[in-house]
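Every chain is numbered from 1, with letters handed out A, B, ... down the list of sequences. In this text the structure is predicted, and so the values were computed from the model without any measurement. Every heavy atom of this structure was used, including side-chain atoms; hydrogens, water molecules and symmetry mates were not.
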Protein chains: 2
Amino acid sequence: MIGLYEVAQAAGVSPATASRALHRPELVALRTRERVEQAAQQLGYRPNVLARGLRTRGSRTIGLIVTDILNPFHATLAKGVQDTAEESGYTVLMFNSDEQPDKERRALETLHGHLPQGLIVVPTAQTQENLAVVPGLPTIELDRASGREGAHTVMVDNVAGSREAVQHLLSLGHRRIGMIVGQQDISTARERLQGYREALESAGVEYHDSLVLPGNHREADGRLAALRLLSRRERPTALFVGNNEMTVGAVLATRELGLDIPRDLSIVGFDDSRWAQTMSPALSVVSQPTYELGQIACQHLLNLISGQRLQGSVRLPTRFVHRQSTGPLPAGQE
Amino acid sequence: MIGLYEVAQAAGVSPATASRALHRPELVALRTRERVEQAAQQLGYRPNVLARGLRTRGSRTIGLIVTDILNPFHATLAKGVQDTAEESGYTVLMFNSDEQPDKERRALETLHGHLPQGLIVVPTAQTQENLAVVPGLPTIELDRASGREGAHTVMVDNVAGSREAVQHLLSLGHRRIGMIVGQQDISTARERLQGYREALESAGVEYHDSLVLPGNHREADGRLAALRLLSRRERPTALFVGNNEMTVGAVLATRELGLDIPRDLSIVGFDDSRWAQTMSPALSVVSQPTYELGQIACQHLLNLISGQRLQGSVRLPTRFVHRQSTGPLPAGQE
DNA sequence: CTGAAAGCGCTAACAT
DNA sequence: ATGTTAGCGCTTTCAG
């Protein structure tokens with residue numbers, strides 16, 4: 001490996017000067033700097049980040065933990081983070097928690113050994129405890145809040161997004177509106193449920209616990225919940241599903257039951273996707289600025305790392321997209 | 001940070017012994033080892049991988065470069081690699097080349113500084129040259145072959161998969177079969193085209209250049225190619241599309257043109273996905289063992305790293321899945 | 001089986 | 001503005 005020592009020799013300076021020329025140009029005479037830069041270029045010098053990290057106790061590396069990289073929403077978050085980090089010369093160490101607090105903990109332990117400068121995490125139910133593994137590490141919570149005091153979070157306005165979706169259904173005349181919602185130990189699920197309740201309340205529609213079914217964020221959960229909800233004697237005329245994966249399951253369930261969307265059932269999902277856009281009928285959704293969430297989380301982290309103080313919490317707006325999966329309440333149904 | 005020195009003190013041994021106890025247990029007396037392990041446990045010791053990597057010139061880290069993390073196919077590959085690496089205690093540094101040789105090169109440069117033990121790369125058109133950045137690094141090419149002499153590759157049998165798909169269409173009576181295929185500087189695209197030609201040939205159907213349109217692997221390319229192909233005076237009665245993203249575009253194009261699948265047009269895609277399974281009509285596809293590709297690539301890399309010799313090239317079989325997007329040639333059309 | 005000592009490549013003090 | 005020196009945390013000779 002070509003080391004700084006070789007570069008220094010080729011440029012006729014000491015290793016220390018070579019180091020300064022490359023990373024603190026202002027401390028070095030212009031001519032010297034040019035010689036060093038040229039030598040580095042010619043020899044194909046690449047800094048050994050391990051040595052540098054060891055010396056400076058920090059590695060121009062940030063950690064990213066998402067809960068499911070196969071979920072396009074998370075893949076998009078990850079891309080937003082990565083692209084932004086790369087622009088600033090940071091390397092991203094990405095891990096997958098699969099929603100499992102244990103895996104999250106192991107990821108944090110591994111990450112810790114790499115002396116990262118910061119962390120972006122999509123929290124699981126136990127993130128608050130797990131973060132003890134990396135004490136003092138600048139951290140941004142993305143998409144969800146772990147509940148930590150004073151945490152920095154970058155999320156969408158789930159309450160408003162959810163409220164808007166339900167208001168849309170209400171305005172179409174629906175009154176018996178089912179909801180399939182994530183586990184209540186996840187902040188997004190709580191907030192989306194809250195939006196649902198608020199919308200019902202301000203329309204003067206009574207809230208029924210039996211119309212709200214929980215699921216564990218996966219397609220299979222959405223399917224089962226929808227099957228149960230739609231097999232009731234008085235089945236809902238509309239369905240609001242609290243995340244993208246469960247929405248897929250719910251739509252498949254309606255097909256199994258032979259229900260026509262939107263004639264027999266209106267349905268709204270949370271989070272847009274190509275799938276939502278191209279299925280037929282195209283799905284009405286609460287769309288999130290996913291890539292931007294990742295970008296902003298990363299920008300904030302980089303700011304935090306460079307010592308800036310910033311407000312704890314960022315909320316990005318959602319946007320309701322009306323497509324063909326929602327329609328007026330058919331006559332005869334009330 | 002808790003270092004080995006603290007652990008050694010707590011256990012009443014030298015740092016050298018503590019190090020051995022943790023990584024070369026057989027060199028240390030059982031009782032000593034237990035004391036060290038307990039101390040490490042209690043103090044929450046996490047090895048500083050930077051220091052270790054610096055010393056051992058290698059960091060229990062492997063690089064992974066995919067061309068598009070937003071493509072579920074690549075996300076699945078990545079998960080296969082990650083899960084496997086994690087089992088063996090390796091950390092994955094993942095990068096995204098976005099099909100751009102330049103980005104790939106930069107990723108390799110960054111990676112190089114991290115002293116990785118190995119690399120798994122989904123090649124771009126310039127990978128052969130770019131790999132000069134990491135000379136001597138054990139490398140597996142995944143999904144595609146860069147063309148390097150003696151490269152280790154893990155791919156599917158694209159020729160057979162493609163042939164099977166086209167044979168299926170031929171057996172349904174189709175003769176004017178269009179193909180939308182990737183750029184010919186990518187090995188998978190060449191191989192899939194070859195399978196198409198072979199199938200036609202063994203059925204005695206003449207090959208027409210004009211029925212084959214290239215695209216750059218993205219949805220938009222697939223759409224444009226399909227629009228052109230399907231606007232011809234004698235339009236194809238069937239379409240075979242050479243990758244998942246372009247298939248989406250092609251299907252959208254058929255909708256724009258108001259064509260009914262499979263009545264007016266049969267269509268087969270390469271690579272299965274949830275989208276293919278749940279669109280209507282469900283798409284007939286050449287299915288690939290995607291997650292396994294990632295797993296196997298990683299296993300091979302780990303073997304390579306530990307000094308095993310292995311054969312250069314692995315080919316996994318594909319599987320044709322017949323769904324509703326392909327049907328018999330309607331009477332009257334020939 | 002264990003300890004002492006050196007050094008991986010780099011950068012931050014401290015000199016000059 | 002540049003050189004000298006020391007040391008980041010760890011593993012690995014080399015002795016004992």
Side-chain angles (χ1 to χ4, degrees), chain A residues 1-37 39-40 43-61 89 91 109-117 134, chain B residues 1-37 39-40 43-61 89 91 109-117 134:
Chain A
M1 187 182 191
I2 293 289
L4 198 47
Y5 181 78
E6 282 86 346
V7 174
Q9 260 194 334
V13 297
S14 74
T17 301
S19 170
R20 283 187 286 248
L22 263 21
H23 300 289
R24 320 281 289 281
E26 68 281 9
L27 297 182
V28 140
L30 181 61
R31 293 197 23 164
T32 324
R33 190 171 96 214
E34 283 170 350
R35 284 214 314 286
V36 173
E37 277 168 354
L43 296 173
Y45 170 70
R46 287 264 89 208
N48 179 329
V49 297
L50 273 56
R52 167 145 78 213
L54 181 58
R55 181 64 239 240
T56 59
R57 333 202 79 250
S59 54
R60 248 186 139 64
T61 282
T91 303
E109 286 173 349
T110 302
L111 184 62
H112 181 58
H114 285 264
L115 308 198
Q117 320 271 141
V134 288
Chain B
M1 187 184 191
I2 294 290
L4 198 48
Y5 182 79
E6 281 85 347
V7 174
Q9 262 194 332
V13 297
S14 73
T17 302
S19 170
R20 283 188 286 250
L22 263 23
H23 300 290
R24 322 282 288 280
E26 68 280 10
L27 297 182
V28 142
L30 179 61
R31 294 200 21 171
T32 322
R33 190 171 96 215
E34 282 170 350
R35 283 213 314 286
V36 173
E37 277 167 355
L43 297 174
Y45 170 69
R46 286 265 91 208
N48 179 329
V49 298
L50 272 55
R52 167 143 79 209
L54 180 58
R55 180 63 235 241
T56 60
R57 332 202 77 249
S59 55
R60 248 188 140 62
T61 282
T91 303
E109 286 172 350
T110 302
L111 184 63
H112 181 59
H114 285 265
L115 309 197
Q117 316 273 98
V134 287

* To do: Classify every nucleotide of nucleotides 5-11 of chain D by which part a protein heavy atom approaches to under 4.0 Å, writing B for the base, S for the sugar-phosphate alone and - for neither, in 5'-to-3' order.
  => -BBBBBB

* Asked: How long is the gap from NE2 on His23(B) to CZ on Arg52(B), to the nearest 0.5 Å?
  -> 3.5 Å

* **Gap separating the OG atom of Ser14(B) from the OH atom of Tyr5(B), nearest 0.5 angstrom** => 11.0 Å

* Is the shortest heavy-atom distance from the side chain of Leu22(B) to the side chain of Leu4(B) under 4.5 Å? -> yes

* Asked: So, do Val7(B) and Val36(B) sit near enough that their side-chain heavy atoms are less than 4.5 Å apart?
  -> yes

* Compare all side-chain heavy atoms of Leu115(A) with those of Asn48(B) and state whether any distance is below 4.5 angstrom. => yes

* Structure fact -> Rounding to 0.5 Å, atoms CZ (Arg35(A)) and OG1 (Thr17(A)) come to a distance of 9.5 Å

* Overall bend - the helix from dC1(C)-dG16(D) to dT16(C)-dA1(D), comparing terminal axes fitted on five pairs, nearest 10 degrees -> 40°

* Asked: Side-chain N or O of Ser14(A) less than 4.0 angstrom from OP1 or OP2 on dT4(D)?
  -> no

* To do: Can you tell me the distance, in whole Å, between the CG atom of Leu43(A) and the P atom of dG9(C)?
  => 15 Å

* Tell me: CG of Leu27(B) to P of dT13(D), nearest whole Å? -> 12 Å

* **Separation of atom CG in Leu22(B) from atom P in dT12(D), rounded to whole Å** => 13 Å

* Check whether any side-chain N or O of Thr17(B) sits under 4.0 Å from OP1 or OP2 of dT2(C), and answer yes or no. => no

* **Sequence neighbours excluded, every pair satisfying salt bridge (charged side-chain N to carboxylate O under 4.0 Å, His left out) that has a member inside residues 25-34 of chain B** => Arg33(B)-Glu37(B)

* Asked: Is there a donor-acceptor pair closer than 3.5 Å between any side-chain N or O of Ser59(B) and the backbone N or O of His114(B)?
  -> yes

